[in-house]
Amino acid sequence: MSLEMAVRNQEKVPLAHDTRRGRKENENELGELRTRNENRGRYWKIACLLLLGVGILVARVHLERPHRLHKLLPGSTLSIANYTTALQLALQFLGVQKSGKLPSSNPFSWRGDSALNDGSDNGVNLTGGLYDAGDQIKFGLPMAFTATLLSWSVLEYASLMEQTQQLVVAMDSIRWVTDYLIKAHVSSNEFYFQVGDAEKEHHCWERPENNDVPRLSYKLNTTNPGSDVAAESAAAMAAASMVFRTTDPEYSDSLLKHASELFQFADTYKASYSVTNPVVQAFYNSTGFTDELLWGASWLYYATGNVSYLDYVTSAKALVSARLGQFPLWFSWDDKTPGLQVLLARLQILGHPLDADNSITNALWKYRATADGLICTFLPQSPSATAKRTKGGLIWLMEWNPLQHALNSGLLALFYSDYLVAANISAITCSGDIFTPKEIRSFAAIQADYVLGVNPLQQSFMVGYGSNYPKMVHHRGASIPNDGTIFTCKGGFVWYNATTPNPNVAIGAVVGGPYQNDTYVDSRENPGQNEPTTYNSAAMAGLAAGLSNTGATTVPLTWT
């Protein structure tokens, strides 16, 4: 499909050189969406009162239709082998994105050592970490979020990853990030949150191995704070500390020390990093930091058992910031609120503290009720379902990288389904309508399956999966041959403009995804749809791992 045809089918097409990612809907539209969902809930409550006499019968009908949701899409749920393959591929892309001195076991012949002098402008060693997408910038906020997402998935599905021989690979990917975060945290109140001048480097098209643009490093301190990126990095290291607790307790302790210090820094010097550092606003602009503070404190509670962190997230002030009783539909590198709600609902469902006082108990119940409501918005046949999805069944919120929201929604739903199963809870109620864990799991499978080709286009959005996958992804390293010829900043655009498939396969990359009308343009000039990100692949890895069983395996009750 040409870009002109896409314009006719969908009024807006992302600008070819627009580098902003993950933009939220405008507040008016979000307000209308929330009001519409709230009204649906009110109408259904009235209807349920009128139909009270047949309520039991209705409930029985719902409980007896475990696969109803999956009939919304053509085809059927993919096999365990399909999900296992998707898990393997997704983790490989995190290897594609490695910066620094690559290990001798590097399986990608077209990737080599890169950015070996990062941090030298400030006299520190900032080598390592991941490039976020199709460029060679190390953006701290999405990198840390990638590690948190993957760590959460490992904590829930380590046994499944081990069965598929992917646990070591996943842990290596996490450690590649956390090793870098430790380097970036040079002192208690100093943290490097970015390496690379994004504005300059985004005007270049060259392999990261041949980058000739000066690599600037950017730091937070007490006069230039950034609570969002510092708290997200604390969350990543706290979550990872539990991943490595058994295999490398010394490393686990080091991560926990850095996480505690970073959280203290973030909480003491409150500010958004994109306010104090306007340089990031065109790329990973943060719309607030209270969600990251609550998110970071929650992970620190799980990692330490320190009740002060639990007090922090259950205080009256925290409950307002957590938007309890509201059901945002996006969980992303920018907004952790839905993830926070599910993470703390887990505590109420599976591991409620035995010595918790009434205020903590009540707060956790509120998180649980809100998480129930969040899941209800995902389920297409729920009375409070969001209308924001494609006809093919994909959650769809915005043109730029829509798959991040679909995958993250699917991952939260899968976690929640497994929590209910582990606790022997048979269903949740959505405005009087009942949905089982199997139906919640079916929604998660719909999101994963869409990415893997069960969609109106029969198009896989994961590079290397199936035969019909993106061949011209917006990715500098993949698009330029590794034949010894060095292309400079501007010289490499000959490959950006090429009409042939990328010479290198960015295996496991999950691109931005379709327009709302289920159409898609495979072009390097279309980064909104065709640029892959680490956090897309991390979410896909978690989804694929959790789906790679028959549903008989439950998550662990505790992570300690």
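What you see below is based on every heavy atom in this structure, not just the backbone, and it leaves out hydrogens, waters and symmetry mates.
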Any donor-acceptor pair under 3.5 Å linking the side-chain atoms of Asn536 with those of Asn401? yes

All pairs passing disulfide bond (SG atoms under 2.5 Å apart) where residues 356-399 contributes a residue, at least two apart: Cys376-Cys430

I want to check something: taking the side chain as every heavy atom from C-beta on, are Phe244 and Val154 in contact at a cut-off of under 4.5 Å? no

Verify the distance criterion only: is there a donor paired with an acceptor across the side chains of Thr337 and Asp291 at less than 3.5 Å? no

Do you see a donor-acceptor pair shorter than 3.5 Å between the side chains of Asn82 and Tyr465? yes

All salt bridge (Lys or Arg N to Asp or Glu O under 4.0 Å) counterparts of Asp248, not counting sequence neighbours: Arg175

Classify the side-chain pair Asn530/Tyr520 by whether it contains a donor and acceptor separated by less than 3.5 Å. yes

Using 4.0 Å as the upper bound for N to carboxylate O, is an ion pair formed by Asp253 and Lys257? no

If you measure only the distance, is there a donor-acceptor pair under 3.5 Å linking the side chains of Tyr157 and Ser548? no

Atom pair CG/CG of Leu407 and Leu414 - distance to nearest 0.5 Å: 12.0 Å

Pro470 and its side chain to side chain contact (heavy atoms under 4.5 Å, CB included) partner, picked from Glu531, Met462, Gln459: Gln459

Can you tell if the side chain of Leu350 reaches within under 4.5 Å of the side chain of Leu347, non-hydrogen atoms only? no

Find out whether the Lys NZ or Arg CZ of Lys98 is both under 6.0 angstrom from the six-membered ring centre of Trp176 and within 45° of the ring's axis. yes

Does the side chain of Ser308 pick up a donor-acceptor pair with the side chain of Asn306 at under 3.5 Å? yes

Go through the steps to decide whether Arg323 and Asp335 satisfy the test salt bridge (charged side-chain N to carboxylate O under 4.0 Å, His left out), and finish with yes or no. CA-CA 12 Å; Arg323 289 182 273 173; Asp335 194 343; 2.7 Å; yes

No-hydrogen, no-angle side-chain donor-acceptor test under 3.5 Å, Thr534 and Asp132: no

Residue list, side-chain contact (heavy atoms from CB on, under 4.5 Å) with Ala322, at least two apart or on another chain: Leu294, Leu324, Leu340, Tyr367

Could you check whether any side-chain heavy atom of Tyr416 comes within less than 4.5 Å of a side-chain heavy atom of Leu374, counting everything from C-beta outward? no

Give me the atom names and distance for the closest heavy-atom approach of Ala170 to Leu150. O-CD2, 3.7 Å

Report the residues that fulfil salt bridge (Lys or Arg N to Asp or Glu O under 4.0 Å) with Asp357, sequence neighbours left out, ordered by chain and then residue number. none

Answer yes or no: is there a donor N or O on one side and an acceptor on the other, between the side chain of Asp334 and the main chain of Thr287, under 3.5 Å? yes

When you measure from the side chain of Tyr301 to the backbone N and O of Tyr312, does any donor-acceptor pair fall under 3.5 Å? no

Where do Phe145 and Phe331 land on the ring-ring contact (aromatic ring centres under 6.0 Å, His included) test, with the steps shown first? CA-CA 11 Å; Phe145 180 63; Phe331 173 45; 5.4 Å; yes

Short side-chain donor-acceptor distance under 3.5 Å, Asp228 and Tyr284: no

Taking the side chain as C-beta and beyond, is there a heavy-atom pair between Ile80 and Thr84 under 4.5 Å? yes

Is there side-chain contact between Pro402 and Gln529, with at least one heavy-atom pair below 4.5 Å? no

Walk me through it: do Glu156 and Arg346 pass the test salt bridge (charged side-chain N to carboxylate O under 4.0 Å, His left out)? CA-CA 11 Å; Glu156 304 292 15; Arg346 186 194 204 281; 3.0 Å; yes

Are Tyr309 and Trp299 close enough, and set up right, to give a ring-ring contact (aromatic ring centres under 6.0 Å, His included), and what steps lead you there? CA-CA 9 Å; Tyr309 292 118; Trp299 280 109; over 10 Å; no

So do Phe93 and Pro532 actually touch side chain to side chain, heavy atoms under 4.5 Å? yes

Expected list for residues 235-243: side-chain donor-acceptor pairs under 3.5 angstrom, two or more places apart:
residue	atom	partner	partner atom	Å
Ser241	OG	Ala238	O	2.6

Is there side-chain contact between Leu547 and Arg441, with at least one heavy-atom pair below 4.5 Å? yes

Give a yes or no on whether the ring-centroid distance for Trp333 and Phe139 is below 6.0 angstrom. no

Non-neighbouring partners of Trp295 that pass side chain to side chain donor-acceptor pair (under 3.5 Å), sequence neighbours left out: Glu232

Non-hydrogen side-chain atoms of Asn362 and Thr314 separated by less than 4.5 Å: no

